[in-house]
There are 2 protein chains.
Amino acid sequence: MNNTEQDIPDIVINRLPLYVRTLNDLKSMNQTTISSEHLGHLLQTTPAQIRKDFSHFGKFGKQGKGYNIDYLLEELREILNLNKSWNSCVVGVGKLGQAVINYQGFKDEGYLIKVAFDISIPKTKTISDIEIRSISDMNQYIKTLDIKIGIVTVPAIDAQGVIDRLIQSGVKGILNYAPMKPIIPKNVSCMNIDPILSLQSMSYYLDK
Amino acid sequence: MNNTEQDIPDIVINRLPLYVRTLNDLKSMNQTTISSEHLGHLLQTTPAQIRKDFSHFGKFGKQGKGYNIDYLLEELREILNLNKSWNSCVVGVGKLGQAVINYQGFKDEGYLIKVAFDISIPKTKTISDIEIRSISDMNQYIKTLDIKIGIVTVPAIDAQGVIDRLIQSGVKGILNYAPMKPIIPKNVSCMNIDPILSLQSMSYYLDK
DNA sequence: ACGTGTGAATTATTTCACAGCT
DNA sequence: AGCTGTGAAATAATTCACACGT
């Protein structure tokens, strides 16, 4: 309807990265153009939903032609702020934190892990070239390194305290792997990764 | 409204595990009773939503009193099939797969990892007492061990093939860590764990 | 007096269907 | 002829508000 910043529903925002991923796949297969019909087929959704989602931001398609993949990708990446990179930190360097630090996927997508924190500094002070610092130095490092995202991989019991501290230090987004639902101020964004909740929802359907 | 099995919205099912978790917390703090008002406050949702959610399954509360925590917990656990344990397997024993196998939280909640599969059997044939087998023996092990859930931790490019194979072997639920959206038959349940999509949605809000 | 359970009202989201551009 | 963008219609989810049981 119009491309000025309004309040776009979260549910729409959450679908955009899926479009980006699929368009990237198509691009890497040298496809240059796609219709909402075909994209909907690939994503198991309806063409109408895709067109309606895009319509919140502008007019990206050409009637009779569909969407130019390069152009649409660029627009969506711009909307989602994917063209800049985001400095991040990991808090909690247990097994999960180490797996997160070792995972290259974050860097590939522009989420740069600049430092990790733990209560106790382990013997090896570095994992995959990321230095491990004491949580007590968190505030200082977050400010100096201009860190905007905190990835939380501490036990549930410690998570709220860590998150409060991250936010107080200036972090604007939390990716929370702890199995709990944190309390977060409105100006900070939080996403929870909680495989146990997913499995428990899944169990409902397993016995039918 | 009534407690016979109807089609309950997914969105309602997905909230139930959160109620279970919070009720467990309250129970461990020796609280015996709670109102929808208080529970809503803890979960940052409305009392009306909680009552409406429960009303899909029956009448669990007492007017003027609220809910008995033990009773409500038992009812919710029964609805979600959390009182049985579920045999599971992990496919893909890279760093992520190893972290999943090492994580004790699945076992604690009744999701028992019975075996892991990989294309290449590593030198150490066991992780946290879980044996690693060849993917080519998957069908046999899944049937013999009565495995109902497959946890997929292979690269995205291999995931659809692995998932097809799991389903063909009789698995009824997929917990997919690969960054892709698999195609799944209607009688199988699938949940995706995709931190990159979460971060990309989050990026939209970071720059406002 | 308190707090559930639930129809009714409201708000959000999806789908329809078609005018209009290429 | 094909396919977008979008109001209107349909469907889904949330919230209101209150009768009723303890």
Side-chain angles (χ1 to χ4, degrees), chain A residues 1-4 6-19 22-23 26 31-76 79 201 204, chain B residues 1-4 6-19 22-23 26 31-76 79 201 204:
Chain A
M1 184 179 265
N2 94 41
N3 61 358
T4 58
Q6 290 180 272
D7 58 328
I8 316 287
D10 287 356
I11 199 163
V12 172
I13 300 302
N14 290 339
R15 281 192 292 259
L16 299 186
L18 233 15
Y19 301 146
T22 304
L23 291 167
L26 291 166
Q31 197 168 327
T32 58
T33 216
I34 193 164
S35 66
S36 58
E37 175 82 31
H38 185 196
L39 188 54
H41 183 73
L42 292 175
L43 279 159
Q44 302 150 72
T45 183
T46 63
Q49 179 159 85
I50 290 173
R51 295 202 302 275
K52 189 64 109 182
D53 281 353
F54 293 167
S55 77
H56 288 98
F57 304 98
K59 303 180 180 185
F60 305 135
K62 292 245 188 305
Q63 282 132 320
K65 291 289 201 168
Y67 300 90
N68 176 284
I69 289 175
D70 277 342
Y71 174 67
L72 178 56
L73 249 179
E74 191 45 44
E75 292 292 318
L76 293 176
I79 290 162
S201 296
Y204 174 80
Chain B
M1 183 179 267
N2 93 41
N3 61 359
T4 59
Q6 289 180 275
D7 60 327
I8 316 288
D10 287 356
I11 200 164
V12 171
I13 299 302
N14 290 339
R15 281 191 293 259
L16 299 186
L18 233 16
Y19 301 147
T22 304
L23 291 168
L26 291 167
Q31 198 168 327
T32 57
T33 215
I34 193 164
S35 66
S36 59
E37 176 81 30
H38 185 198
L39 188 54
H41 183 72
L42 292 175
L43 278 159
Q44 302 151 73
T45 182
T46 62
Q49 178 159 87
I50 290 173
R51 296 202 300 275
K52 189 64 112 183
D53 281 354
F54 293 167
S55 77
H56 288 98
F57 305 100
K59 302 179 177 185
F60 305 135
K62 293 243 189 304
Q63 282 135 322
K65 291 289 201 169
Y67 301 90
N68 175 283
I69 289 175
D70 278 342
Y71 174 66
L72 179 55
L73 248 180
E74 190 46 43
E75 291 293 318
L76 293 176
I79 291 161
S201 296
Y204 174 80

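Chain identifiers are assigned alphabetically (A, B, ...) following the order of the sequence lines, protein sequences preceding nucleic acid strands; residue numbering begins at 1 within each chain. Note: hydrogens, waters and symmetry copies are ignored here, and every other heavy atom, side chains too, is used.
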To the side chain of [X], which of [options] is closest?
X	options	value
A:Arg15	C:dT14, D:dA13, C:dT4	C:dT14
A:Lys52	D:dT15, D:dT6, C:dT13	D:dT6
A:Lys59	D:dC3, C:dG5, D:dT6	D:dT6
B:Ser35	C:dT15, D:dT4, C:dG3	C:dG3

Does [X] make a side-chain N or O approach to OP1 or OP2 of [N] shorter than 4.0 Å?
X	N	value
B:Arg51	C:dG5	no
A:Ser36	D:dT4	yes
B:Thr46	D:dT15	yes

request  = Please round to the nearest 0.5 Å and tell me the distance separating atom CG of A:Leu18 and atom OG of B:Ser201.
outcome  =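 The CG atom of A:Leu18 sits 9.0 Å away from the OG atom of B:Ser201.
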Interatomic distance, B:Asn68 atom CG to B:Ile34 atom CD1 [nearest 0.5 angstrom] =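 Separation between the atoms: 11.5 Å.
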Can you measure [X] atom [atom1] to [N] atom [atom2] for me and round it to whole angstrom units?
X	N	atom1	atom2	result
B:Phe57	C:dT4	CZ	C1'	17 Å
B:His41	C:dG3	NE2	C1'	17 Å
B:Gln49	C:dT11	CD	C1'	13 Å
B:Asp53	C:dT4	CG	P	14 Å
B:Ile8	D:dA12	CD1	P	14 Å
B:Gln44	D:dT14	CD	C1'	17 Å
B:Ile50	D:dT15	CD1	C1'	13 Å
B:Ile34	C:dT4	CD1	C1'	14 Å

request  = Grab the two heavy atoms, one from B:Phe54 and one from B:Tyr19, that are nearest each other, plus how far apart they are.
outcome  =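 Closest approach of B:Phe54 to B:Tyr19, heavy atoms only: CE2-CD1, 3.5 Å.
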Residues within residues 62-70 of chain B bordering DNA chain D, heavy-atom distance below 4.0 Å =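 Output list: B:Gln63, B:Gly64.
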inquiry  = Just to be sure I understand the rule, does B:Phe54 reach a base, reach only the sugar-phosphate, or reach nothing, if contact means heavy atoms closer than 4.0 Å?
reply    =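 Counting heavy atoms under 4.0 Å across all strands, no contact is made by B:Phe54.
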task = Assign B:Pro9 to base, sugar-phosphate, or nothing according to its heavy-atom contacts below 4.0 angstrom with the strands shown.
result =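 Result for B:Pro9 = sugar-phosphate.
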Any donor-acceptor N/O pair, A:Thr33 side chain to A:Tyr67 backbone, under 3.5 Å =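 Confirmed, A:Thr33 side chain pairs with A:Tyr67 backbone.
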inquiry  = Is it the case that over 12 heavy atoms from other parts of the model lie below 6.0 angstrom from the CD atom of B:Gln31?
reply    =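 Yes.
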task = Determine the sole option in A:Leu72, A:Leu73, A:Ile69 for which the side chain to side chain contact (heavy atoms under 4.5 Å, CB included) test with A:Leu26 is passed.
result =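 Result for side chain to side chain contact (heavy atoms under 4.5 Å, CB included) with A:Leu26: A:Ile69.
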ask   = Looking at B:Asp53, B:Thr45, B:Thr46, which one forms a side-chain hydrogen bond (donor to acceptor under 3.5 Å, both in side chains) with B:Gln49?
value =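 That would be B:Thr45.
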